[in-house]
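First listed ligand is number 1; within each ligand, the first listed atom is number 1. Keep in mind the model is a prediction, meaning the values are calculated, not measured.
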Amino acid sequence: MRFYDIIEKKRDGGELTESEIRWFVDEYTSGRAPDYQASALLMAIYLRGMTDAETAVLTDAMCRSGDTLDLSRFGALAVDKHSTGGVGDKTTLIVAPLAAALGLKVAKMSGRGLGHTGGTVDKLESIPGYRTALPADEFMAQVERIGVAVIGQSGNLVPADKKLYALRDVTATVSSIPLIASSIMSKKLAAGAGSIVLDVKVGSGAFMHTPQEAEKLARTMVEIGARCSRKVSALLTNMDLPLGRAVGNALEVREAVEMLRGETNSDAALREICVALAGQMAALALGIDHTEATNRARRALESGAALAKFREWISAQGGDCGFIDRPETLCPASRRETVTAPRAGWVHSVDAAGIGKAAMLLGAGRERKEDGIDFSAGVLLCVKNGERVEAGAPLCELLSSTVEDFSGAAETAAAAFVISDEPAPEQRLIYGIVQA
Ligand code: URA
């Protein structure tokens, strides 16, 4: 087989065979094929697309390029979730213990943040003592015992994706549906769960800017699941505005705990998405009706069962649980500043990408993989879409322990708020569910 012929075939709009796709993934991952040929093929795929059958084979080939996790001992109860990346997305911190409280088994490997979106592992590392790396037998035993464990991704999980993603990042080939779908689903398949719920974000802070594009991505991933014998469903959710009110690692952990504690001022949108995700997981894994599953999830959140599970989980992984009773004690920032409204009116929109960028400027995220993080840093929204604000009243608070000059972050955060004379139309939170 020749790499040249495969590039030429895809360039001209042909359908690649299973053996051509597997050969390409193998050649490139093992270092036998050069970056320039892989780049040319990625661009041809970007421009010409892939059929569902090609995308499923690409996903499977990538999945098999490294370690895979065997969760068969948990049978149908093994569940996983994935979000396509958002600002203020702390859903795993709530959904993982919530699913465990419903009797499901969550053996989860999470990623770190890069750019303006955060990663669950960084959030968990803001908890003193929490171990994000566990030996495999301890990880499995914890899931067996309490139903949930969350660790960082193993170094050799889908090496093909690590190489291909790095190449896509520098060749303008990231935003291709078959390439995004195979990248995400190869990692989910390798992580072993039989039931997978995806949260596909739509909006300014997301990869997919319209519900139509997001639905296409979701359908592609659900179809990959069906072809690879996994149960997959996807929620399409709004990422025009940040999820919840906190953006930044420890701030998001605190917000998650406040929600699990049932605090009355916790964010309704965040609660709805978490209940819907856990409900979908239970529906797939237990084979029960979606409404019944969602009701069970809501009850487990309201009864405190999910909070109890959260405590068990954090403690099992070595975390100091003191903050669960007093969330404000987790990584307090040494400096804070308030951004105020330039005029009175109604908050029309809060640009998620802008708030994510402001949090980064305060030290909450990384520009490059090797950068450090200020766990205390971030943005707390005081108002959200549809709320009334008076001139000079707080729009958001900026927090940091490492940055002295808040002016860049303040300007960026202020620009994210659009205030208008009319109340904004209510935004949809969940655009729909895509199922097999
Ligand atoms: N997330 C991934 O893991 N891969 C992509 O290609 C895009 C988002």
Side-chain angles (χ1 to χ4, degrees), residues 21 25 28-29 38-39 41-43 45-47 49-50 54-56 58-63 65-69 80-87 89 91-92 108-122 150 152-193 196-210 213-225 228 230 232 234-237 239 243 352-353 356 365-366 369:
I21 295 170
V25 171
Y28 184 59
T29 311
S39 308
L41 182 58
L42 289 173
M43 185 56 83
I45 294 172
Y46 181 94
L47 295 170
M50 278 186 141
E54 283 177 299
T55 310
L58 175 61
T59 308
D60 185 62
M62 288 167 70
C63 166
S65 67
D67 298 342
T68 56
L69 209 60
D80 199 355
K81 74 167 270 283
H82 180 83
S83 152
T84 59
V87 176
D89 185 349
T91 51
T92 294
K108 186 154 178 55
M109 287 189 276
S110 285
R112 294 190 182 280
L114 189 62
H116 71 274
T117 63
T120 301
V121 169
D122 297 320
V150 183
Q153 248 161 39
S154 110
N156 196 37
L157 192 88
V158 196
D161 181 61
K162 289 199 181 79
K163 283 194 79 174
L164 287 169
Y165 195 89
L167 199 57
R168 286 166 58 209
D169 214 16
V170 293
T171 55
T173 50
V174 168
S175 57
S176 143
I177 285 181
L179 296 178
I180 295 176
S182 54
S183 163
I184 292 174
M185 288 302 293
S186 60
K187 288 172 284 199
K188 292 290 109 182
L189 298 184
I196 301 161
V197 175
L198 305 165
D199 180 1
V200 179
K201 305 286 188 191
V202 186
S204 75
F207 277 109
M208 299 290 130
H209 296 294
T210 66
E213 283 174 39
E215 184 176 345
K216 203 163 160 206
L217 175 61
R219 284 209 180 284
T220 306
M221 294 195 284
V222 169
E223 177 66 28
I224 292 170
C228 297
R230 308 292 175 98
V232 180
L235 254 60
L236 309 178
T237 67
M239 191 35 75
L243 189 53
R366 306 183 173 82
K369 271 208 292 248

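Salt bridge status for E223 with R219: absent, with no side-chain N to carboxylate O gap under 4.0 Å.
In terms of the salt bridge (charged side-chain N to carboxylate O under 4.0 Å, His left out) criterion, residue partners of K201 (sequence neighbours excluded) are, by chain and number, D89, D199. With sequence neighbours left out, the salt bridge (charged side-chain N to carboxylate O under 4.0 Å, His left out) criterion links E213 to no other residue.
Near ligand 1, residues Y165, R168, I180, S183, I184, K187, F207 each place a heavy atom inside the 4.0 Å sphere around the ligand atoms.
With 3.5 Å as the limit, one finds a donor-acceptor pair spanning the side chains of T91 and K81. No donor-acceptor contact under 3.5 angstrom links the side chains of T29 and K163, judged on distance only.
Every pair tested for salt bridge (charged side-chain N to carboxylate O under 4.0 Å, His left out) that includes a residue from residues 173-182 fails, sequence neighbours excluded, so the list is empty.
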